[in-house]
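Scroll down for the structure; my scribbles are underneath it.
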Amino acid sequence: MSSAQLEIQLIACIVAVACAIPGTFLVLRKMAMISDAISHSILPGIVVGFFITQDLNSPLLILLAALTGIITVVLVEYIQKTGLVKEDTAIGLVFPALFSIGVILIAKNANDVHLDVDAVLLGELAFAPFDRLFINGTDVGPKSLWVVGTILLITITLLILFFKELKISTFDKGLAASLGLSPAIIHYGLMSVASVTTVGAFDAVGAILVVALMIAPAAAAYLLTTDLKKMLALAISFGIFSAILGYWVAHWLDASIAGSITTVLGFVFLMVYLFAPLKGIIAVMYREKQQRTEVSLLTFLLHLKNHDEVEERHVNHLNEHINWQKVRAKTVLDLALKNNMILIENNVVSLTKKGNDFTSKAIDYIITNEDAQIEDMKDDFFLFRG
Amino acid sequence: MNNHSVDKETPASTGKIAVKVDDLTVAYNYKPVLWDIDLEIPEGVLMAIVGPNGAGKSTLIKSILGILKPIAGSVSIYGKPYEKQRQLVAYVPQKGSVDWDFPTTALDVVMMGTYGSLGWIKRPGQKEKKASLEALEKVGMLSFKSRQISQLSGGQQQRIFLARALVQNASIYFMDEPFQGVDASTEIAIINILKALRKAGKTVIVVHHDLQTVPEYFDWVTFLNVKKIATGPVKDIFNDDNLTKTYGINYKVSIQE
Ligand SMILES: Nc1ncnc2c1ncn2[C@@H]1O[C@H](COP(=O)(O)OP(=O)(O)OP(=O)(O)O)[C@@H](O)[C@H]1O
Ligand SMILES: [Mg+2]
C-alpha cells in the first residue's frame with residue numbers, strides 16, 4: 001500500500017467517525033433530512049467564503065459555511081413554527097432556495113476560479129493526498145487530513161463533555177428544559193457540529209457522501225442495539241468499515257471512491273435492515289407469522305373444546321369447519337401435536353389434558369381481557385419450545 | 001418515603017404559597033390557549049388539575065416550569081422566579097411526550113432525574129446511581145432496571161417516570177397524567193406514593209382525568225379550561241356547578257363524597 005492510499009483511507013475513516021457521532025443524534029431526533037438540507041444549503045456560504053479567502057480549506061470559509069447551515073436550521077424551524085407546513089416541507093422549501101442562491105453566485109462570479117457545483121457535491125477523495133500542508137517548508141501531510149482531523153477532535157471533545165446533555169435533550173426535551181440544561185443550546189450546538197463537519201468534509205469526500213456517512217451507519221446501528229453508547233460505537237464501526245471496504249472496491253473497480261463508499265454504506269444498511277435479530281424485516285415478518293400461527297392454534301383448540309361431535313373433529317373436515325387452507329391447517333395441527341395439546345385417534349382429533357387446561361386458561365384471560373397474561377401463558381406451556 | 005432528607009420545619013398547610021401564577025397568558029402560534037391565569041397553590045397540598053382535552057393543563061405546567069415562554073404574566077416558586085428555584089421542582093411529563101424507542105434502560109432514565117443537581121458537564125457517579133436504584137425500588141421496578149424502555153408496559157413506563165421525579169428529591173412535584181393507561185394496582189401504588197410525598201410536606205400537582213376519584217385522591221383542585229374556572233379545597237369547590245362550567249355539559253354526575 002502506498003502512502004497516498006493510506007492517507008486516503010485515513011481521511012475517509014476520520015470523516016466517517018466525525019459524521020457518525022452527530023449522525024447518531026440526528027437519527028435519534030428523527031432529523032436525518034436536516035443533514036441533507038445542510039449539505040446543500042451551505043453552498044452559498046462556501047461561495048461567499050471562497051470569494052473572501054480564495055482558499056477552500058480556510059477556517060473562515062468553514063465557519064461561514066457552517067453559519068449558513070445554522071441559518072438553514074433556523075429558517076426551517078421558523079417556517080415550521082408558523083404551523084402552515086410540516087417539517088419536511090419546510091426543509092424542502094429552504095434548502096433548494098439557499099442552494100440555488102449558491103449556484104447563481106457561482107455562475108455570476110466564479111467563471112474564472114476553481115469552484116464548481118460538481119466539486120462541491122461530489123468531491124474527489126483520490127486527489128486529497130496531493131493538496132499538502134507545509135509548516136516551515138516541511139510536508140506535514142494532506143491538508144484535508146488536518147481539517148477533518150481537527151473537526152473530529154472537536155467533535156469527540158464535545159461529545160465527551162456534553163454526552164449527558166445530548167442524551168437527555170434528545171430523549172426528553174421538556175425535562176432537560178425544566179432542569180435548566182437548555183435543550184436549545186444543545187440543539188444548535190449539534191446543528192453547528194453537523195454543519196462544520198459537512199463543510200469540513202465536503203472538499204475531501206463531497207456532500208453526498210457526508211450525508212450518507214451521517215445517516216446510514218447510525219440508522220443501521222439503531223436497528224441493532226438498545227444502548228446509546230453501543231449505538232455510537234456501532235455507527236462508528238460501520239462508518240469505518242464502509243470507508244475502508246469502499247476504498248478497496250473503488251480501487252479494484254477503478255471507480256469513484258466516494259461513490260463506492262456510499263454504495264457500501266447502502267449495502268451495509270440493507271443487510272442490517274433485513275437481518276437485524278430483533279428489528280430487522282425478516283425477524284419482524286417471522287414474528288408476525290408466528291403470532292398468526294399462535295392465534296390459529298388457539299382458535300383451533302377453542303373449536304375442539306366447543307365441539308364434542310365427532311364429525312366436527314374429523315381431520316378431513318377440519319378444513320371446511322374452520323375454513324382454513326390445507327397448509328395452514330397442517331401447520332397448526334403439527335404444532336398442537338408437537339406440544340401434546342391434542343390426540344389423533346382414527347382421524348378424530350381430541351384435546352389432551354394439557355390442551356384442555358391451556359384452552360380453559362386462555363378462554364379465561366380472553367374473557368377478562370388480560371392479553372398480557374396470554375403471553376406469560378405461552379411461556380408456562382412451553383409453546384414453540386418443543 | 002425518603003424521609004432522611006425531608007427538610008420539614010413545615011407540616012401540611014402552613015399558609016405558605018408554594019407556586020404563584022400571575023396573569024399568565026400562553027399562546028402557540030399567536031393563538032392563546034391559556035388566558036390570564038391567576039393561581040396560588042399552598043404548600044403541602046395534593047392538588048388535581050382537571051379540565052377537558054386541550055384545556056391547557058399540560059401547557060400550564062410547562063409554562064410554570066419554564067419549558068414554554070408565556071406572552072404575558074409571571075410565575076414564582078416560593079416567591080422567586082423558577083430559574084432560581086429549579087432544584088425545588090420535579091416534573092413528570094405526559095407519557096406520550098417522549099420516544100420510548102430511545103436506546104436506553106430504565107435505570108438510565110431514572111438517573112436523568114439527577115442531571116439537574118449535577119448541572120452542566122458533570123457526570124452522574126455512584127451516589128446518583130444509588131439514589132436512582134432506591135427510587136426504582138420505591139416504585140417497585142428494581143427488577144426491571146436493565147430493561148430497554150420500549151420493552152416495558154405502559155404502567156411500568158409511568159412508574160419509571162415517577163421514579164425519575166422521586167430521585168430529584170424536590171419540594172414541589174408536577175405530574176402530567178401519571179395514571180394514564182395504568183391498571184388499578186399501579187394506580188393505587190402511585191397514589192400511595194403521592195400521598196406519602198404530601199405527608200412529608202411536599203406539594204404535589206397532578207393533571208387528572210378521572211373525576212370520580214378526585215375526592216378520594218386529592219385535597220385541592222383547580223378547574224381549568226383556557227381560563228381558570230376555580231381553585232381551592234376539594235370539599236368546598238368540587239361540585240356540579242364548577243364541573244359544568246369546566247366541561248361545558250350539564251354535570252348531574254354521581255359524584256358522591
Ligand atoms: N406544540 C403545540 N403547537 C400548537 N398548538 C399546541 C401545541 N401544544 C398544544 N397545543 C394546543 O394548545 C391547547 C392546549 O394543549 P394542552 O396540551 O395544554 O392541553 P391539555 O389540557 O394538556 O390536553 P390533554 O388532556 O389532551 O392532555 C390545545 O388546543 C392544543 O391543540
Ligand atoms: Mg395534556
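Order of the sequence lines fixes the chain letters, A, B, ..., with proteins taken first and strands second; residue numbering starts at 1 for each chain.
- Salt-bridge annotation for A:E288 and A:R292: absent, with no side-chain N of the basic residue lying under 4.0 Å from a carboxylate O of the acidic one.
- Closest heavy-atom contact between B:Y78 and B:S171: CE1-CB, 4.5 Å.
- Between chain A and the residues B:Q151, B:K122, B:M111, the most heavy-atom pairs under 4.5 angstrom are made by B:K122.
- The candidate with the highest count of non-hydrogen atom pairs below 4.5 Å against chain A, out of B:F174, B:W100, B:Y91, is B:Y91.
- Only the side chain of A:F162 comes within less than 4.5 Å of a heavy atom of chain B; its backbone N, CA, C and O stay farther away.
- Only one option out of B:L39, B:I64, B:V89, B:T203 pairs with B:V19 in a side chain to side chain contact (heavy atoms under 4.5 Å, CB included); it is B:I64.
- Within the 4.5 angstrom heavy-atom criterion, no atom of A:L158 approaches chain B.
- Note: A:T226 leads A:T226, A:L28, A:I160 in heavy-atom pairs under 4.5 Å with chain B.
- Looking at B:V92, there are no atoms closer than 4.5 Å to chain A (heavy atoms on both sides), in backbone or side chain.
- No part of B:L68 comes within reach of chain A, as not one of its non-hydrogen atoms sits under 4.5 angstrom from that chain.
- Residue with the most contacts toward chain B among A:L161, A:I168, A:T225, A:T170: A:I168 (heavy-atom pairs, distance under 4.5 Å).
- Both the backbone and the side chain of A:D172 come within contact range of chain B, each with at least one heavy atom under 4.5 Å from a heavy atom of that chain.
- Heavy atoms closer than 4.5 Å to chain A are found nowhere in B:Q87, neither backbone nor side chain.
- When heavy atoms are compared at a cutoff of 4.5 Å, B:D101 approaches chain A by way of both its backbone and its side chain.
- Heavy atoms of B:Y82 lying under 4.5 Å from chain A belong exclusively to its side chain.
- Proximity to chain B (any heavy atom under 4.5 Å) is shown, for A:K230, by neither the backbone nor the side chain.
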